[in-house]
Protein chains: 2
Amino acid sequence: METYSKKEESQSVLRECGLRVTPQRLAIFDFLRDSKDHPNAEGVYQAVKDRCPAMSLNTVYKNLEAFEQAGLITKFTIGDRQKFHYDPNTKTHPHLLCLSCSMVKDIDAEIQPHVCDLNEALAAQTGHQIHRIEIHLVGVCRECLQAAN
Amino acid sequence: METYSKKEESQSVLRECGLRVTPQRLAIFDFLRDSKDHPNAEGVYQAVKDRCPAMSLNTVYKNLEAFEQAGLITKFTIGDRQKFHYDPNTKTHPHLLCLSCSMVKDIDAEIQPHVCDLNEALAAQTGHQIHRIEIHLVGVCRECLQAAN
DNA sequence: ATATCTGCAAAAGATTTGCAAGGAG
DNA sequence: CTCCTTGCAAATCTTTTGCAGATAT
């Protein structure tokens, strides 16, 4: 049995980062934590303004920035897009940009060994210092492929 | 001995793509072909306006778009940047974003086998259809590392 | 001759900044 | 009570669009 609800857990996480808990902040944070694709600011706004009518797009931006600074989420661009997307999973994993539905999805395949190989090859051969590796795939997601048949 | 100069070759390439040859277009194309890092539109503009004073930033944008549509270059964003970068090498290879000098550099290491492994693993495990794979590294380039010592 | 290209200016789209009022701790 | 957060508006930055005149073929 759980001692704390999900909501209470989110509140603790935010407070530990020195962030005050407001209804808007909590709604954005909870939505992002549950999201499987990675919406941009507008997408977050559209999703949370239902549960939390007192919400402005600007507040979404400010909170996304606060979360990123706190290390709770990662901000990235993908493909030839100009918008930022936000991912609550900050460990290395690939993203797929679907050309059909325009969603950005996590790739859940077991690729860590390949990424490690790649990292070693790059470090050994190039002399650059590599902090982070981002793998972006462009294609068509499984769901869109199935829908097309 | 070469039969055609580099300039004449560029002109042929452009004409074959159905693009008219103008001084501005040729300057942009030649600069991009020789560039090792991958500038954004502003960077291209600053570089070419010396050789070609009759040059506007807007012309740079229009030509970059024309080149991309012709498949001569690739347009991409990297890291948490909002600008587009342009690469005359359209085959799969990783890019490094240097946190020190802010340049975007090609990685010339031999990674093709690793990329192939990754591609196979992803295709087999995910069911997505993968058209293109982009590998972006964030770190510090060799030159900046050396300069720091 | 005519369709394309250039350059200027304005528009568009995403994100950031400034500031006064409201709310959390 | 004090500082942080919100929401509005305006500003900023990059890229795109519209249009008239110039140029390549």
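Proteins get letters first, then strands, A, B, ... in listed order; numbering begins at 1 in each. On a predicted model such as this, the values are computed, not experimentally measured, just so you know.
- Going from atom CG of Asn63(B) over to atom C1' of dT16(D) covers 15 Å, rounded to whole Å.
- Between Gln69(A) atom CD and dC4(D) atom P the separation is 14 Å, expressed in whole Å.
- Between Asp106(A) and Lys36(A), the closest side-chain pair of non-hydrogen atoms is not below 4.5 Å.
- Side-chain contact between Tyr45(A) and Ile28(A) is absent, with no heavy atoms from C-beta onward closer than 4.5 Å.
- Under 4.0 angstrom from either OP1 or OP2 of dT15(D) there lies no side-chain N or O belonging to Asn40(B).
- If you check every strand for non-hydrogen atoms under 4.0 Å, Ala54(A) touches sugar and phosphate atoms only.
- Scanning for ring-ring contact (aromatic ring centres under 6.0 Å, His included) contacts around His93(A) gives His95(A), with sequence neighbours left out.
- Interface residues of residues 22-30 of chain A facing DNA chain D, ordered by number: Thr22(A), Gln24(A), Arg25(A); criterion, heavy-atom separation under 4.0 Å.
- Following rounding to the nearest Å, Leu57(B) (CG) and dT16(D) (C1') show an atom-to-atom distance of 11 Å.
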*Determine, step by step, whether Phe29(B) and Leu19(B) satisfy the side-chain contact (heavy atoms from CB on, under 4.5 Å) criterion, reporting the C-alpha distance in whole Å, the side-chain angles of both residues, the deciding distance to 0.1 Å, and the verdict.*
CA-CA 12 Å; Phe29(B) 188 65; Leu19(B) 296 172; over 6 Å; no
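- The phosphate of dG7(C) (OP1 or OP2) has a side-chain N or O of Thr59(B) nearer than 4.0 angstrom.
- Applying the side chain to side chain donor-acceptor pair (under 3.5 Å) test to residues at least two apart or on different chains, the pairs with a partner in residues 18-31 of chain B are Ser10(B)-Asp30(B), Arg25(B)-Asn63(B).
- Distance CZ (Arg15(B)) to C1' (dT23(D)): 13 Å, rounded to an integer number of Å.
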Report, one pair per line, the protein and nucleotides 11-14 of chain D atoms (nitrogen or oxygen only) whose separation is under 3.5 Å.
residue: dT14(D); atom: OP1; partner: Lys83(B); partner atom: NZ; Å: 3.2

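- Atom CG in Asp80(B) sits about 15 Å away from atom C1' in dA14(C), given to the nearest Å.
- Separating the OH atom of Tyr45(A) from the C1' atom of dA14(C) is a distance of 15 Å, rounded to the nearest angstrom.
- Residues Glu42(A) and Lys83(A) have side chains not in contact (no heavy-atom distance under 4.5 Å, counting atoms from C-beta outward).
- Residue Asn58(B) places none of its side-chain N or O atoms closer than 4.0 Å to OP1 or OP2 of dT17(D).
- In this structure the side chain of Arg33(A) reaches within 4.5 angstrom of the side chain of Val13(A), judged on heavy atoms.
- Looking at residues two or more places apart in sequence or on another chain, you find no ring-ring contact (aromatic ring centres under 6.0 Å, His included) involving Tyr86(B).
- No donor-acceptor contact under 3.5 Å links the side chain of Lys49(A) to the base of dG7(D).
- You'll find the side chain of His131(B) reaches within 4.5 Å of the side chain of Val140(A), heavy atoms only.
- At the heavy-atom level, Arg81(B) lies nowhere under 4.0 Å from the strands shown.
- Using a 4.5 Å heavy-atom cutoff, the side chains of Val104(A) and His136(A) are not in contact.
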Polar pairs (N or O, both sides) under 3.5 Å between protein and nucleotides 1-3 of chain C?
residue: dA3(C); atom: N3; partner: Arg20(B); partner atom: NH1; Å: 3.1

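- We find that CG of Leu64(A) is positioned 11 Å from C1' of dT15(C), with the value rounded to whole Å.
- Residues Leu145(A) and His128(B) are not in side-chain contact: their nearest non-hydrogen atoms beyond the backbone lie 4.5 Å or more apart.
- For the pair Phe76(A) CZ and dA14(C) P, the interatomic distance rounds to 17 Å; values are reported in whole Å.
- Two residues, Glu65(B) and Lys62(A), neighbour DNA chain D, and the one matched to the more 5' nucleotide by heavy-atom proximity is Lys62(A).
- Under a 3.5 Å cut-off, the side chain of Thr77(A) and the backbone N or O of Gly79(B) do form a donor-acceptor pair.
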